[in-house]
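Encoded as structure tokens, the structure appears first; notes follow it.
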Amino acid sequence: VYHLRRMAEVMTLTCLPLGGAAIIADLGRPLQGLYYLPAFAQPMSPLFGTFTMVVAVYLFANAVYLYLDGRADAVACAARFPRLSLPYRIWASGWRGTPLEKLRHERASYYLSAGLLPLEITAMSTLGFVFGIQGGRPGWFSAVQAPSFIAIAAASGIGMLTLIVLVARRTARLDDVIPRPALETLAKLLWGATAFYLYIMLVETLTATYAAGRTDTQVARAILGGPYAGMFWGSLA
């Protein structure tokens, strides 16, 4: 569990800035977006919530989690790489591995995990609100956008973590460190997240094709069997 947690933390710190950069690029004029966001920010705006909750708060919380979780490894790296011992010792912050330190570390990890879970749900929901409250955009305006983003984040995150674990087990020979039951647990979580997302997609598609307005129905038909069908069914597969 410890090694899986570390991989997930590094993956999160890598993907969050990329996600924020993708939102900025989607604005069309990213430099103006970076300027106007702090200059004319509205706290009620979903875009403001996206960058404060996702890029700022959630990124900082994960950085703190990784810092505390890597203190023991920093001690080992300081001994293995003498030329880089100073930054590793700063990272270790006097870690000695005593039973009391380990107990405090487990408690801190538990409370950080408990705090990060609702924060992640809130962060992914704000991303969904960016699209879901656009009443003038057919196919976007939907109450299931927020839970859909949570399901997508869970399925893609667990899937990416599973691939990283598989590569690490083969290249670094970590079969003993990350046993097969850990992979089976990830697989079960991936099945559950994927099934939840497929259910949301089914509900949204059924609503759009059966009882939605004309424009929403046209968008749904274009996605299911029109010019965007290849991308839709390919991503679904």
Side-chain angles (χ1 to χ4, degrees), residues 1-27 30 33-34 37-38 46-78 80-81 84-95 104-128 130 146 149-172 174 177-178 182-183 185-186 189-190 193:
V1 177
Y2 171 76
H3 297 280
L4 294 180
R5 190 173 62 199
R6 290 291 307 282
M7 292 180 181
E9 293 162 5
V10 175
M11 183 185 71
T12 302
L13 291 177
T14 304
C15 294
L16 276 179
L18 295 177
I23 297 175
I24 288 293
D26 189 62
L27 296 177
L34 290 175
L37 182 62
L47 189 62
F48 179 83
T50 297
F51 281 93
T52 54
M53 296 299 297
V54 179
V55 179
V57 179
Y58 191 48
L59 184 63
F60 176 75
N62 274 276
V64 173
Y65 199 175
L66 179 62
Y67 171 77
L68 295 178
D69 213 20
R71 293 175 63 196
D73 289 343
V75 174
C77 291
R80 185 173 182 180
F81 306 104
L84 300 175
S85 61
L86 180 59
Y88 281 124
R89 288 182 179 180
I90 295 176
W91 187 353
S93 302
W95 174 267
R104 290 177 178 175
H105 173 71
E106 291 299 326
R107 289 180 178 177
S109 298
Y110 173 78
Y111 287 114
L112 280 172
S113 299
L116 281 173
L117 182 59
L119 182 60
E120 181 179 5
I121 294 176
T122 305
M124 293 300 105
S125 297
T126 57
L127 287 175
V130 171
F149 269 67
I150 295 176
I152 292 174
S156 60
I158 297 173
M160 187 180 301
L161 179 61
T162 304
L163 291 176
I164 294 175
V165 171
L166 289 172
V167 173
R169 290 178 85 244
R170 287 179 176 261
T171 57
L174 300 178
V177 178
I178 306 176
L183 287 175
T185 301
L186 288 176
L189 293 174
L190 182 58

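The chain is numbered in sequence order, starting from 1. What's counted below: heavy atoms across the whole structure, side chains too, no hydrogens, waters or symmetry copies.
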My understanding is that only residues two or more places apart in sequence, or in another chain, count here; which of them pass side chain to side chain contact (heavy atoms under 4.5 Å, CB included) with [X]?
| X | answer |
| --- | --- |
| Ala153 | Met124 |
| Ile90 | Leu86 |
| Ala8 | Leu161 |
| Ala154 | Ala193 |

To check you understand the geometry: which heavy-atom pair defines the closest contact between [X] and [Y], and what is its length?
| X | Y | value |
| --- | --- | --- |
| Ile158 | Thr162 | O-OG1, 2.7 Å |
| Met11 | Gly157 | CE-O, 3.6 Å |
| Leu190 | Ala155 | CD1-O, 3.3 Å |
| Ser85 | Ala78 | CB-O, 3.8 Å |
| Leu116 | Ala61 | CD2-CB, 3.3 Å |
| Ala92 | Ala74 | N-CB, 3.8 Å |

Contact between [X] and [Y] at the side-chain level, heavy atoms closer than 4.5 Å - yes or no?
| X | Y | answer |
| --- | --- | --- |
| Leu68 | Ser109 | no |
| Asp69 | His105 | yes |
| Val75 | Arg71 | no |

Checking [X] now: which residues fulfil side chain to side chain donor-acceptor pair (under 3.5 Å) with it, not counting sequence neighbours?
| X | value |
| --- | --- |
| Glu9 | none |
| Tyr65 | Ser113 |
| Ser93 | Tyr67 |

* Residues Asp73, Arg6; criterion side-chain contact (heavy atoms from CB on, under 4.5 Å); working and verdict -> CA-CA 11 Å; Asp73 289 343; Arg6 290 291 307 282; 2.3 Å; yes
* Distance in Å, Leu13 CG paired with Leu18 CG, rounded so as to fall on 0.5 Å steps ->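 Separation between the atoms: 11.0 Å.
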* **Rounded distance [0.5 Å steps], OG1 in Thr185 versus CG in Leu4** =>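 So the gap between those two atoms works out to 8.5 Å.
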* Asked: Please, which pairs that meet salt bridge (charged side-chain N to carboxylate O under 4.0 Å, His left out) have at least one residue in residues 153-171, sequence neighbours excluded?
  ->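 For residues 153-171: Arg169-Asp175.
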